[in-house]
Participant: 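This is the structure I have questions about; it appears just below.
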Amino acid sequence: MINCNKREIINFINNFTEEIQNGNAAIFAGAGLSVDSGVVSWKELLRKPANEIGLDVDKESNLVDVAQYIYNESNSRNKITSIIKNHIDNNGEITKNHKILSGLPIKTYWTTNYDHYIEKSLSEAKKIVDVKKTANDLSSEIKNADVTVYKMHGDINIAHEVVLIKDDYEIYDRKNELFMQALRGDLITKTFLFIGFSFEDPNLEIILSKVRIMLEGNVRQHYCFLRAIKISDTKYKKIKHKNERKEIFKYDCNKQFLKIKDLQRYGIKTILVDEYEEITNILNKIKTKITMNHIFISGAYEVDDSCKYKLSPSEFIQSLSIKLIKEGYKLTSGFGNNVGSDVINGVLTATKEMNKKTIDDVLSLRPFPQNNDSANNTEYRKDMIENCGISIFLYGNKYDDNDKKRIIKSSGVCEEFEIAKNQYKILLPIGATGFVSKDLHDEIYNNFEKYYVNTDDKLIEKFKALADESSSEELINNILDFINEIIKFEYSIK
(Lines give C-alpha, C1' and ligand atoms only; values in the text may rest on other atoms or scores of the structure.)
Protein backbone atom coordinates (compact mmCIF):
# COMPACT_ATOMS: atom_id res chain seq x y z
CA MET A 1 0.00 0.00 0.00
CA ILE A 2 1.34 3.41 -1.00
CA ASN A 3 0.76 6.14 1.61
CA CYS A 4 -1.06 9.35 0.79
CA ASN A 5 2.05 11.49 0.38
CA LYS A 6 3.71 8.94 -1.89
CA ARG A 7 0.54 8.78 -3.98
CA GLU A 8 0.54 12.58 -4.34
CA ILE A 9 4.16 12.47 -5.50
CA ILE A 10 3.35 9.77 -8.07
CA ASN A 11 0.37 11.78 -9.33
CA PHE A 12 2.54 14.89 -9.58
CA ILE A 13 5.20 13.02 -11.57
CA ASN A 14 2.59 11.72 -14.00
CA ASN A 15 0.72 15.02 -14.38
CA PHE A 16 3.73 17.32 -14.70
CA THR A 17 5.40 14.91 -17.13
CA GLU A 18 2.31 15.12 -19.31
CA GLU A 19 2.40 18.92 -19.19
CA ILE A 20 6.07 18.88 -20.24
CA GLN A 21 5.34 16.54 -23.14
CA ASN A 22 2.47 18.79 -24.25
CA GLY A 23 4.74 21.87 -24.15
CA ASN A 24 2.75 23.52 -21.35
CA ALA A 25 5.27 23.38 -18.47
CA ALA A 26 7.28 26.20 -16.91
CA ILE A 27 9.72 26.53 -14.01
CA PHE A 28 9.72 29.26 -11.38
CA ALA A 29 13.05 29.16 -9.54
CA GLY A 30 13.68 30.79 -6.20
CA ALA A 31 16.85 31.21 -4.16
CA GLY A 32 16.58 27.65 -2.80
CA LEU A 33 17.51 26.21 -6.19
CA SER A 34 20.98 27.74 -5.90
CA VAL A 35 21.62 26.88 -2.24
CA ASP A 36 23.57 23.68 -3.00
CA SER A 37 25.69 25.50 -5.59
CA GLY A 38 27.85 26.93 -2.81
CA VAL A 39 26.56 30.49 -2.82
CA VAL A 40 26.08 32.28 0.48
CA SER A 41 22.48 32.69 1.67
CA TRP A 42 20.84 36.11 1.80
CA LYS A 43 20.80 35.92 5.57
CA GLU A 44 24.57 35.53 5.65
CA LEU A 45 25.10 38.23 3.04
CA LEU A 46 23.13 40.74 5.10
CA ARG A 47 24.48 39.68 8.49
CA LYS A 48 27.41 42.12 8.70
CA PRO A 49 25.66 45.27 7.42
CA ALA A 50 22.64 44.39 9.57
CA ASN A 51 24.85 44.15 12.65
CA GLU A 52 26.19 47.60 11.83
CA ILE A 53 22.69 49.07 12.26
CA GLY A 54 21.90 46.98 15.35
CA LEU A 55 19.88 44.14 13.78
CA ASP A 56 20.30 40.39 14.17
CA VAL A 57 19.27 38.58 10.95
CA ASP A 58 18.57 35.41 12.97
CA LYS A 59 15.72 37.27 14.66
CA GLU A 60 14.32 38.76 11.44
CA SER A 61 11.89 36.92 9.16
CA ASN A 62 11.54 39.65 6.51
CA LEU A 63 14.91 40.25 4.87
CA VAL A 64 13.39 42.75 2.43
CA ASP A 65 12.74 45.01 5.42
CA VAL A 66 16.32 44.48 6.64
CA ALA A 67 17.72 45.44 3.22
CA GLN A 68 15.56 48.59 3.23
CA TYR A 69 16.81 49.58 6.70
CA ILE A 70 20.42 49.16 5.54
CA TYR A 71 19.68 51.38 2.54
CA ASN A 72 17.96 53.98 4.73
CA GLU A 73 21.05 54.46 6.88
CA SER A 74 23.11 55.84 4.00
CA ASN A 75 20.35 56.59 1.47
CA SER A 76 22.54 54.71 -1.01
CA ARG A 77 22.48 51.30 -2.73
CA ASN A 78 26.28 51.08 -2.82
CA LYS A 79 26.69 48.80 0.20
CA ILE A 80 24.07 46.26 -0.94
CA THR A 81 25.19 46.45 -4.57
CA SER A 82 28.73 45.69 -3.47
CA ILE A 83 27.51 42.65 -1.51
CA ILE A 84 25.73 41.29 -4.58
CA LYS A 85 28.69 41.81 -6.89
CA ASN A 86 31.25 40.31 -4.52
CA HIS A 87 29.39 37.23 -3.30
CA ILE A 88 26.77 36.07 -5.78
CA ASP A 89 27.86 33.81 -8.66
CA ASN A 90 31.56 34.10 -7.87
CA ASN A 91 31.76 30.72 -6.13
CA GLY A 92 30.00 27.39 -6.35
CA GLU A 93 28.90 25.05 -9.11
CA ILE A 94 25.74 24.13 -10.98
CA THR A 95 23.61 21.83 -8.80
CA LYS A 96 22.18 18.41 -9.64
CA ASN A 97 18.72 19.95 -9.89
CA HIS A 98 19.97 22.58 -12.34
CA LYS A 99 21.39 19.80 -14.51
CA ILE A 100 18.23 17.70 -14.44
CA LEU A 101 15.95 20.63 -15.22
CA SER A 102 18.17 21.79 -18.09
CA GLY A 103 17.82 18.34 -19.64
CA LEU A 104 14.03 18.53 -19.72
CA PRO A 105 12.20 19.93 -22.76
CA ILE A 106 10.91 22.99 -20.86
CA LYS A 107 11.03 26.27 -22.77
CA THR A 108 10.07 28.80 -20.10
CA TYR A 109 11.90 29.72 -16.88
CA TRP A 110 11.09 32.48 -14.44
CA THR A 111 13.36 33.33 -11.53
CA THR A 112 13.92 35.91 -8.82
CA ASN A 113 17.60 34.89 -8.62
CA TYR A 114 20.37 37.24 -9.72
CA ASP A 115 22.94 34.48 -10.36
CA HIS A 116 23.68 32.78 -13.70
CA TYR A 117 23.35 29.11 -12.73
CA ILE A 118 20.14 28.55 -14.70
CA GLU A 119 21.60 30.08 -17.87
CA LYS A 120 24.87 28.20 -17.43
CA SER A 121 23.19 24.82 -16.97
CA LEU A 122 20.98 25.36 -20.03
CA SER A 123 23.98 26.40 -22.12
CA GLU A 124 25.89 23.33 -20.98
CA ALA A 125 22.90 21.28 -22.13
CA LYS A 126 23.61 22.78 -25.57
CA LYS A 127 20.49 24.95 -25.61
CA ILE A 128 20.25 28.46 -27.04
CA VAL A 129 19.07 30.69 -24.19
CA ASP A 130 17.27 34.02 -24.49
CA VAL A 131 17.71 35.86 -21.17
CA LYS A 132 15.35 38.69 -20.25
CA LYS A 133 17.12 40.76 -17.58
CA THR A 134 15.05 43.94 -17.86
CA ALA A 135 11.65 44.89 -19.22
CA ASN A 136 13.41 46.39 -22.27
CA ASP A 137 14.68 42.91 -23.19
CA LEU A 138 11.10 41.76 -23.78
CA SER A 139 10.93 43.72 -27.04
CA SER A 140 13.71 41.69 -28.71
CA GLU A 141 14.33 37.98 -29.22
CA ILE A 142 17.27 35.70 -29.89
CA LYS A 143 16.71 33.83 -33.13
CA ASN A 144 16.06 30.08 -32.77
CA ALA A 145 16.21 30.22 -28.96
CA ASP A 146 15.36 26.93 -27.24
CA VAL A 147 14.59 28.46 -23.85
CA THR A 148 13.57 31.86 -22.48
CA VAL A 149 14.72 32.82 -18.97
CA TYR A 150 12.89 35.74 -17.34
CA LYS A 151 14.93 37.29 -14.51
CA MET A 152 12.16 39.35 -12.99
CA HIS A 153 14.33 40.77 -10.18
CA GLY A 154 17.34 41.56 -12.32
CA ASP A 155 20.85 40.22 -12.83
CA ILE A 156 24.17 40.38 -11.00
CA ASN A 157 25.74 42.17 -13.98
CA ILE A 158 23.34 45.06 -13.43
CA ALA A 159 23.38 44.89 -9.64
CA HIS A 160 22.44 48.57 -9.22
CA GLU A 161 19.05 47.84 -10.86
CA VAL A 162 18.05 44.62 -9.06
CA VAL A 163 14.85 44.37 -7.03
CA LEU A 164 15.87 44.07 -3.38
CA ILE A 165 14.54 46.72 -1.00
CA LYS A 166 10.94 47.68 -0.17
CA ASP A 167 11.15 50.71 -2.45
CA ASP A 168 11.77 48.38 -5.40
CA TYR A 169 8.78 46.18 -4.59
CA GLU A 170 6.47 49.15 -4.14
CA ILE A 171 7.19 50.58 -7.61
CA TYR A 172 7.69 47.22 -9.39
CA ASP A 173 4.18 47.11 -10.86
CA ARG A 174 4.69 50.50 -12.52
CA LYS A 175 8.36 50.18 -13.51
CA ASN A 176 8.14 46.60 -14.83
CA GLU A 177 4.61 46.44 -16.20
CA LEU A 178 5.70 44.35 -19.21
CA PHE A 179 7.29 41.74 -16.93
CA MET A 180 4.07 41.60 -14.93
CA GLN A 181 1.99 41.11 -18.06
CA ALA A 182 4.30 38.36 -19.38
CA LEU A 183 4.21 36.48 -16.09
CA ARG A 184 0.44 36.79 -15.80
CA GLY A 185 0.13 35.38 -19.31
CA ASP A 186 2.36 32.39 -18.53
CA LEU A 187 0.57 31.68 -15.24
CA ILE A 188 -2.67 31.48 -17.22
CA THR A 189 -1.43 29.31 -20.09
CA LYS A 190 1.31 27.16 -18.50
CA THR A 191 1.63 24.79 -15.56
CA PHE A 192 4.35 26.08 -13.22
CA LEU A 193 6.60 24.16 -10.89
CA PHE A 194 7.83 26.47 -8.14
CA ILE A 195 11.17 25.17 -6.86
CA GLY A 196 13.44 26.69 -4.23
CA PHE A 197 10.77 29.26 -3.42
CA SER A 198 9.55 30.29 0.02
CA PHE A 199 6.53 32.30 -1.21
CA GLU A 200 7.56 35.21 0.99
CA ASP A 201 8.12 37.43 -2.08
CA PRO A 202 5.45 40.18 -1.86
CA ASN A 203 5.75 40.89 -5.58
CA LEU A 204 4.84 37.34 -6.60
CA GLU A 205 1.92 37.26 -4.19
CA ILE A 206 0.50 40.40 -5.80
CA ILE A 207 0.80 38.84 -9.26
CA LEU A 208 -0.82 35.58 -8.15
CA SER A 209 -3.65 37.54 -6.55
CA LYS A 210 -4.30 39.52 -9.73
CA VAL A 211 -4.37 36.35 -11.83
CA ARG A 212 -6.80 34.75 -9.39
CA ILE A 213 -9.11 37.78 -9.51
CA MET A 214 -8.85 37.96 -13.31
CA LEU A 215 -9.95 34.33 -13.68
CA GLU A 216 -12.53 34.58 -10.90
CA GLY A 217 -10.84 31.79 -9.00
CA ASN A 218 -10.63 29.38 -11.96
CA VAL A 219 -6.85 29.31 -11.86
CA ARG A 220 -4.64 26.78 -13.61
CA GLN A 221 -3.09 23.96 -11.56
CA HIS A 222 0.49 24.71 -10.46
CA TYR A 223 2.87 22.87 -8.12
CA CYS A 224 5.51 23.68 -5.54
CA PHE A 225 7.94 21.78 -3.34
CA LEU A 226 8.07 22.33 0.41
CA ARG A 227 10.00 20.40 3.03
CA ALA A 228 7.84 19.03 5.82
CA ILE A 229 8.67 20.35 9.28
CA LYS A 230 10.12 17.63 11.53
CA ILE A 231 10.74 17.49 15.28
CA SER A 232 14.30 16.35 14.50
CA ASP A 233 15.10 19.67 12.78
CA THR A 234 17.98 21.67 14.25
CA LYS A 235 15.64 24.45 15.35
CA TYR A 236 13.82 22.15 17.78
CA LYS A 237 16.92 20.35 19.00
CA LYS A 238 18.16 23.66 20.38
CA ILE A 239 15.08 23.98 22.62
CA LYS A 240 15.99 22.32 25.92
CA HIS A 241 12.57 22.02 27.54
CA LYS A 242 10.53 19.16 26.09
CA ASN A 243 7.10 20.74 26.52
CA GLU A 244 8.24 24.02 25.02
CA ARG A 245 9.78 22.15 22.10
CA LYS A 246 6.52 20.28 21.47
CA GLU A 247 4.44 23.44 21.60
CA ILE A 248 6.67 25.36 19.17
CA PHE A 249 6.79 22.37 16.82
CA LYS A 250 3.01 22.03 16.94
CA TYR A 251 2.61 25.74 16.22
CA ASP A 252 5.00 25.62 13.24
CA CYS A 253 3.27 22.56 11.79
CA ASN A 254 -0.07 24.32 11.97
CA LYS A 255 1.39 27.41 10.32
CA GLN A 256 2.82 25.29 7.47
CA PHE A 257 -0.55 23.58 7.05
CA LEU A 258 -2.30 26.96 6.83
CA LYS A 259 0.30 28.16 4.29
CA ILE A 260 -0.32 25.09 2.14
CA LYS A 261 -4.08 25.70 2.27
CA ASP A 262 -3.57 29.35 1.34
CA LEU A 263 -1.46 28.46 -1.70
CA GLN A 264 -4.42 26.46 -2.99
CA ARG A 265 -6.24 29.77 -3.51
CA TYR A 266 -3.77 30.45 -6.30
CA GLY A 267 -4.05 26.96 -7.75
CA ILE A 268 -0.67 25.90 -6.28
CA LYS A 269 -0.62 22.34 -4.97
CA THR A 270 2.14 21.62 -2.48
CA ILE A 271 4.30 18.52 -2.83
CA LEU A 272 5.71 17.82 0.63
CA VAL A 273 9.08 16.09 0.84
CA ASP A 274 10.85 14.72 3.90
CA GLU A 275 14.26 15.94 2.77
CA TYR A 276 15.41 18.28 0.01
CA GLU A 277 17.34 15.40 -1.60
CA GLU A 278 13.98 13.83 -2.44
CA ILE A 279 13.34 16.66 -4.90
CA THR A 280 16.32 15.47 -6.94
CA ASN A 281 14.87 11.94 -7.02
CA ILE A 282 11.49 13.25 -8.14
CA LEU A 283 13.02 15.34 -10.93
CA ASN A 284 15.03 12.32 -12.06
CA LYS A 285 11.85 10.23 -12.21
CA ILE A 286 10.22 12.90 -14.39
CA LYS A 287 13.21 12.91 -16.72
CA THR A 288 13.10 9.11 -16.95
CA LYS A 289 9.39 9.10 -17.82
CA ILE A 290 9.90 11.74 -20.51
CA THR A 291 12.69 9.75 -22.11
CA MET A 292 10.91 6.40 -21.76
CA ASN A 293 10.44 5.97 -25.52
CA HIS A 294 14.20 6.27 -26.07
CA ILE A 295 16.11 3.04 -25.43
CA PHE A 296 19.84 2.65 -24.94
CA ILE A 297 21.19 -0.73 -26.07
CA SER A 298 24.33 -1.76 -24.23
CA GLY A 299 26.26 -4.88 -25.08
CA ALA A 300 29.14 -6.61 -26.81
CA TYR A 301 29.88 -10.15 -27.87
CA GLU A 302 32.51 -12.17 -29.66
CA VAL A 303 31.84 -14.81 -32.31
CA ASP A 304 33.61 -17.68 -30.60
CA ASP A 305 32.70 -21.37 -30.33
CA SER A 306 33.61 -21.37 -26.64
CA CYS A 307 30.73 -18.99 -25.86
CA LYS A 308 28.07 -21.62 -26.68
CA TYR A 309 25.21 -19.19 -27.34
CA LYS A 310 21.78 -20.82 -27.06
CA LEU A 311 20.30 -17.97 -29.12
CA SER A 312 22.02 -16.63 -32.22
CA PRO A 313 23.23 -13.18 -31.08
CA SER A 314 23.07 -11.59 -34.53
CA GLU A 315 19.56 -12.85 -35.36
CA PHE A 316 18.24 -12.01 -31.90
CA ILE A 317 19.60 -8.43 -31.79
CA GLN A 318 18.42 -7.65 -35.33
CA SER A 319 14.94 -9.04 -34.59
CA LEU A 320 14.77 -7.12 -31.30
CA SER A 321 15.80 -3.87 -33.03
CA ILE A 322 13.19 -4.35 -35.75
CA LYS A 323 10.46 -4.96 -33.18
CA LEU A 324 11.40 -1.97 -31.01
CA ILE A 325 11.43 0.41 -33.99
CA LYS A 326 8.05 -0.86 -35.20
CA GLU A 327 6.66 -0.34 -31.69
CA GLY A 328 7.64 3.34 -31.90
CA TYR A 329 10.85 3.38 -29.84
CA LYS A 330 14.04 5.25 -30.67
CA LEU A 331 17.37 3.49 -30.18
CA THR A 332 20.81 4.65 -29.10
CA SER A 333 23.86 2.41 -29.45
CA GLY A 334 27.45 2.92 -28.42
CA PHE A 335 28.47 0.60 -31.22
CA GLY A 336 29.62 -2.20 -28.90
CA ASN A 337 31.50 -5.01 -30.60
CA ASN A 338 29.14 -6.83 -33.03
CA VAL A 339 26.07 -5.51 -31.16
CA GLY A 340 26.33 -2.11 -32.86
CA SER A 341 26.33 -3.51 -36.40
CA ASP A 342 23.44 -5.88 -35.55
CA VAL A 343 21.39 -2.94 -34.26
CA ILE A 344 22.09 -0.98 -37.47
CA ASN A 345 21.03 -3.91 -39.66
CA GLY A 346 17.85 -4.37 -37.67
CA VAL A 347 16.98 -0.66 -37.85
CA LEU A 348 17.67 -0.55 -41.61
CA THR A 349 15.35 -3.53 -42.13
CA ALA A 350 12.61 -1.92 -40.02
CA THR A 351 12.81 1.45 -41.79
CA LYS A 352 12.67 -0.28 -45.18
CA GLU A 353 9.62 -2.33 -44.19
CA MET A 354 7.95 0.81 -42.77
CA ASN A 355 8.84 2.87 -45.89
CA LYS A 356 10.86 5.36 -43.83
CA LYS A 357 13.38 7.33 -45.89
CA THR A 358 15.88 7.92 -43.09
CA ILE A 359 17.03 6.20 -39.91
CA ASP A 360 18.15 9.45 -38.25
CA ASP A 361 14.82 9.85 -36.43
CA VAL A 362 14.91 6.37 -34.89
CA LEU A 363 18.61 5.63 -34.32
CA SER A 364 21.47 7.50 -32.65
CA LEU A 365 24.88 5.90 -33.15
CA ARG A 366 27.64 6.94 -30.75
CA PRO A 367 30.91 5.14 -31.62
CA PHE A 368 33.56 5.60 -28.95
CA PRO A 369 36.59 7.84 -29.57
CA GLN A 370 39.68 5.87 -30.55
CA ASN A 371 42.04 7.39 -27.96
CA ASN A 372 41.03 4.67 -25.44
CA ASP A 373 41.07 7.12 -22.52
CA SER A 374 39.00 5.43 -19.79
CA ALA A 375 38.11 8.72 -18.05
CA ASN A 376 36.88 10.25 -21.31
CA ASN A 377 35.01 7.03 -22.12
CA THR A 378 33.16 7.26 -18.81
CA GLU A 379 32.02 10.82 -19.51
CA TYR A 380 31.11 9.80 -23.06
CA ARG A 381 28.96 6.95 -21.69
CA LYS A 382 27.20 9.29 -19.24
CA ASP A 383 26.35 11.71 -22.04
CA MET A 384 25.18 8.88 -24.31
CA ILE A 385 22.83 7.35 -21.73
CA GLU A 386 21.55 10.67 -20.37
CA ASN A 387 18.62 11.10 -22.77
CA CYS A 388 17.49 7.46 -22.77
CA GLY A 389 14.85 6.38 -20.26
CA ILE A 390 15.35 2.64 -20.70
CA SER A 391 18.62 0.70 -20.89
CA ILE A 392 18.74 -2.84 -22.30
CA PHE A 393 21.85 -4.93 -21.58
CA LEU A 394 22.83 -7.78 -23.92
CA TYR A 395 25.57 -10.42 -23.57
CA GLY A 396 28.71 -8.61 -22.39
CA ASN A 397 31.83 -10.54 -23.33
CA LYS A 398 35.07 -9.77 -25.13
CA TYR A 399 38.55 -11.14 -25.77
CA ASP A 400 41.08 -10.51 -23.04
CA ASP A 401 43.47 -7.77 -24.16
CA ASN A 402 46.37 -9.82 -22.82
CA ASP A 403 45.18 -13.16 -24.22
CA LYS A 404 43.25 -12.96 -27.47
CA LYS A 405 42.11 -16.58 -27.14
CA ARG A 406 40.46 -16.03 -23.77
CA ILE A 407 36.88 -14.72 -23.42
CA ILE A 408 36.18 -12.49 -20.42
CA LYS A 409 33.22 -10.42 -19.25
CA SER A 410 32.94 -6.89 -20.62
CA SER A 411 33.83 -4.18 -18.10
CA GLY A 412 32.28 -1.57 -20.43
CA VAL A 413 28.81 -3.12 -20.11
CA CYS A 414 29.23 -3.21 -16.32
CA GLU A 415 30.13 0.48 -16.28
CA GLU A 416 27.17 1.38 -18.48
CA PHE A 417 24.88 -0.45 -16.05
CA GLU A 418 26.23 1.56 -13.11
CA ILE A 419 25.86 4.82 -15.01
CA ALA A 420 22.28 4.00 -16.03
CA LYS A 421 21.46 3.02 -12.44
CA ASN A 422 22.90 6.27 -11.07
CA GLN A 423 20.86 8.20 -13.64
CA TYR A 424 17.67 6.45 -12.47
CA LYS A 425 17.03 4.68 -15.77
CA ILE A 426 14.80 1.63 -16.21
CA LEU A 427 17.25 -1.29 -16.24
CA LEU A 428 16.62 -4.36 -18.42
CA PRO A 429 19.51 -6.82 -18.38
CA ILE A 430 18.46 -9.73 -20.61
CA GLY A 431 19.61 -12.70 -18.56
CA ALA A 432 18.95 -15.15 -21.39
CA THR A 433 21.91 -13.71 -23.33
CA GLY A 434 24.36 -14.75 -20.60
CA PHE A 435 27.67 -13.29 -19.38
CA VAL A 436 27.47 -9.80 -17.82
CA SER A 437 23.78 -9.51 -18.67
CA LYS A 438 22.99 -12.69 -16.72
CA ASP A 439 24.93 -11.43 -13.70
CA LEU A 440 23.05 -8.12 -13.81
CA HIS A 441 19.70 -9.88 -14.21
CA ASP A 442 20.45 -12.04 -11.16
CA GLU A 443 21.45 -8.95 -9.16
CA ILE A 444 18.16 -7.16 -9.86
CA TYR A 445 15.98 -10.25 -9.48
CA ASN A 446 17.49 -11.07 -6.08
CA ASN A 447 17.13 -7.44 -4.91
CA PHE A 448 14.04 -6.42 -6.84
CA GLU A 449 12.62 -3.98 -4.28
CA LYS A 450 15.91 -2.07 -4.39
CA TYR A 451 15.46 -1.33 -8.09
CA TYR A 452 11.66 -1.23 -8.41
CA VAL A 453 10.09 -0.01 -5.18
CA ASN A 454 6.49 -0.78 -4.20
CA THR A 455 6.37 -3.45 -6.88
CA ASP A 456 4.09 -6.50 -7.20
CA ASP A 457 4.47 -10.20 -8.03
CA LYS A 458 3.23 -9.65 -11.58
CA LEU A 459 6.12 -7.32 -12.44
CA ILE A 460 8.64 -9.63 -10.77
CA GLU A 461 7.45 -12.56 -12.89
CA LYS A 462 7.70 -10.50 -16.06
CA PHE A 463 11.25 -9.54 -15.15
CA LYS A 464 12.11 -13.16 -14.41
CA ALA A 465 10.97 -14.06 -17.95
CA LEU A 466 13.88 -12.00 -19.34
CA ALA A 467 16.09 -14.98 -18.49
CA ASP A 468 13.97 -17.39 -20.57
CA GLU A 469 16.13 -18.94 -23.32
CA SER A 470 13.35 -20.84 -25.14
CA SER A 471 13.34 -18.80 -28.39
CA SER A 472 14.25 -15.37 -29.76
CA GLU A 473 10.64 -14.57 -30.60
CA GLU A 474 9.38 -15.44 -27.13
CA LEU A 475 12.23 -13.54 -25.44
CA ILE A 476 11.53 -10.45 -27.53
CA ASN A 477 7.84 -10.64 -26.59
CA ASN A 478 8.87 -10.93 -22.91
CA ILE A 479 11.04 -7.81 -23.26
CA LEU A 480 8.23 -5.77 -24.80
CA ASP A 481 5.79 -7.15 -22.24
CA PHE A 482 8.01 -5.95 -19.38
CA ILE A 483 8.56 -2.53 -20.98
CA ASN A 484 4.81 -2.04 -21.44
CA GLU A 485 4.18 -3.07 -17.85
CA ILE A 486 6.86 -0.80 -16.39
CA ILE A 487 5.55 2.18 -18.37
CA LYS A 488 2.10 1.63 -16.83
CA PHE A 489 3.53 0.85 -13.41
CA GLU A 490 3.41 3.76 -10.98
CA TYR A 491 6.70 3.22 -9.22
CA SER A 492 7.24 5.37 -6.16
CA ILE A 493 10.12 7.35 -4.68
CA LYS A 494 12.53 6.04 -2.09
Participant: Can you establish whether the number of heavy atoms outside E275 located under 6.0 Å from its atom CD is more than 12?
Facilitator: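 Atom CD in E275 is crowded, with more than 12 foreign heavy atoms closer than 6.0 Å.
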Participant: Are H441 and F393, when compared by the centres of their aromatic rings, separated by less than 6.0 Å?
Facilitator: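 No, they do not, as the ring centres are separated by 6.0 Å or more.
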Participant: Which pairs, with at least one residue in residues 227-263 and sequence neighbours excluded, count as a ring-ring contact (aromatic ring centres under 6.0 Å, His included)?
Facilitator: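 Sorted result for residues 227-263: Y236-F249.
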Participant: Measure centre to centre between the rings of Y150 and W110, then say whether the value is under 6.0 Å.
Facilitator: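 Close enough - the centres of the two rings lie under 6.0 Å apart.
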Participant: Answer yes or no: are there more than 12 heavy-atom neighbours, outside K127 itself, under 6.0 Å from its atom NZ?
Facilitator: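 Counting neighbours around NZ of K127, more than 12 heavy atoms of other residues, nucleotides or ligands fall under 6.0 Å, so yes.
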Participant: Atom CZ in F296, atom CD1 in I392: separation rounded to 0.5 Å?
Facilitator: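 Answer for the CZ-CD1 pair, F296 versus I392, is 10.5 Å.
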Participant: Charged N to carboxylate O below 4.0 Å: is that the case for R77 and D168?
Facilitator: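 Salt bridge present between R77 and D168.
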Participant: Starting at CD1 of I282, measure out to CZ of F16 and round the result to the nearest 0.5 Å.
Facilitator: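 Reported to 0.5 Å precision, the distance equals 12.0 Å.
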Participant: Should we say atom NZ of K255 is surrounded by more than 12 heavy atoms from elsewhere, each under 6.0 Å from it?
Facilitator: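 Counting neighbours around NZ of K255, 12 or fewer heavy atoms of other residues, nucleotides or ligands fall under 6.0 Å, so no.
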Participant: Go through the steps to decide whether K382 and E379 satisfy the test salt bridge (charged side-chain N to carboxylate O under 4.0 Å, His left out), and finish with yes or no.
Facilitator: CA-CA 5 Å; K382 289 179 180 179; E379 292 305 311; 3.5 Å; yes
Participant: Within a radius of less than 6.0 Å around CD of E18, do more than 12 heavy atoms belonging to other residues, nucleotides or ligands occur?
Facilitator: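 Count not over threshold, so no.
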Participant: So, are K269 and E8 salt-bridged, with charged N and O less than 4.0 Å apart?
Facilitator: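 Salt bridge between K269 and E8, a charged N being under 4.0 Å from a carboxylate O: yes.
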Participant: Between D383 and R366, is there a salt bridge with N-O shorter than 4.0 Å?
Facilitator: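 Here R366 pairs with D383 in a salt bridge, since their nearest N and O are under 4.0 Å apart.
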Participant: Could you work out, with salt bridge (charged side-chain N to carboxylate O under 4.0 Å, His left out) as the rule, every residue matching R47, not counting sequence neighbours?
Facilitator: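 So R47 forms a salt bridge (charged side-chain N to carboxylate O under 4.0 Å, His left out) with E44, D58.
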Participant: What I want to find out is whether D233 reaches R227 closely enough, with some N-O distance under 4.0 Å, to be called a salt bridge.
Facilitator: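 Judged by the 4.0 Å cut-off on N to carboxylate O distance, D233 and R227 do form a salt bridge.
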Participant: Short question: side chain of K132, backbone of D137 - any donor-acceptor pair under 3.5 Å?
Facilitator: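 Present.
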Participant: Output yes when a side-chain donor or acceptor of D130 lies under 3.5 Å from a complementary backbone atom of E141, and no otherwise.
Facilitator: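 Answer holds: no.
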Participant: Any Lys/Arg nitrogen of K166 or D65 sitting under 4.0 Å from an Asp/Glu carboxylate oxygen of the other?
Facilitator: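 Answer for the salt bridge query: yes.
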Participant: Before accepting this row, confirm whether a basic side-chain N of the pair E73/K79 lies closer than 4.0 Å to the acidic partner's carboxylate O.
Facilitator: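 Salt bridge between E73 and K79, a charged N being under 4.0 Å from a carboxylate O: no.
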Participant: Using modelled atom types and a 3.5 Å cut-off, is there a donor and acceptor pairing between side-chain atoms of T17 and backbone atoms of I290?
Facilitator: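 No; zero donor-acceptor contacts below 3.5 Å.
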Participant: Drop me the distance from F194's CZ to L226's CG, to the nearest 0.5 angstrom.
Facilitator: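 The distance works out to 11.5 Å.
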Participant: Looking at the rings of H153 and F179, which for Trp means the six-membered one, are their centres under 6.0 Å apart?
Facilitator: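 Centroid separation for H153 and F179: 6.0 Å or greater.
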Participant: Of S298, S411, C414, which meets side chain to side chain contact (heavy atoms under 4.5 Å, CB included) against V436?
Facilitator: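 Exactly one candidate clears the test, C414.
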Participant: When Y424 is tested against each of N281, N284, T288 for side chain to side chain donor-acceptor pair (under 3.5 Å), which residue passes?
Facilitator: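 Of the listed residues N281, N284, T288, the side chain to side chain donor-acceptor pair (under 3.5 Å) partner of Y424 is N281.
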Participant: Measure from the side-chain N and O atoms of K151 to the backbone N and O of Y114, and report whether any donor-acceptor pair falls under 3.5 Å.
Facilitator: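 Answer holds: yes.
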Participant: May I ask you to say whether K133 pairs ionically with E119, meaning some side-chain N is under 4.0 Å from a carboxylate O?
Facilitator: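 Salt bridge: no.
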Participant: Are there more than 12 heavy atoms of other residues, nucleotides or ligands under 6.0 Å from atom NZ of K175?
Facilitator: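 Open.
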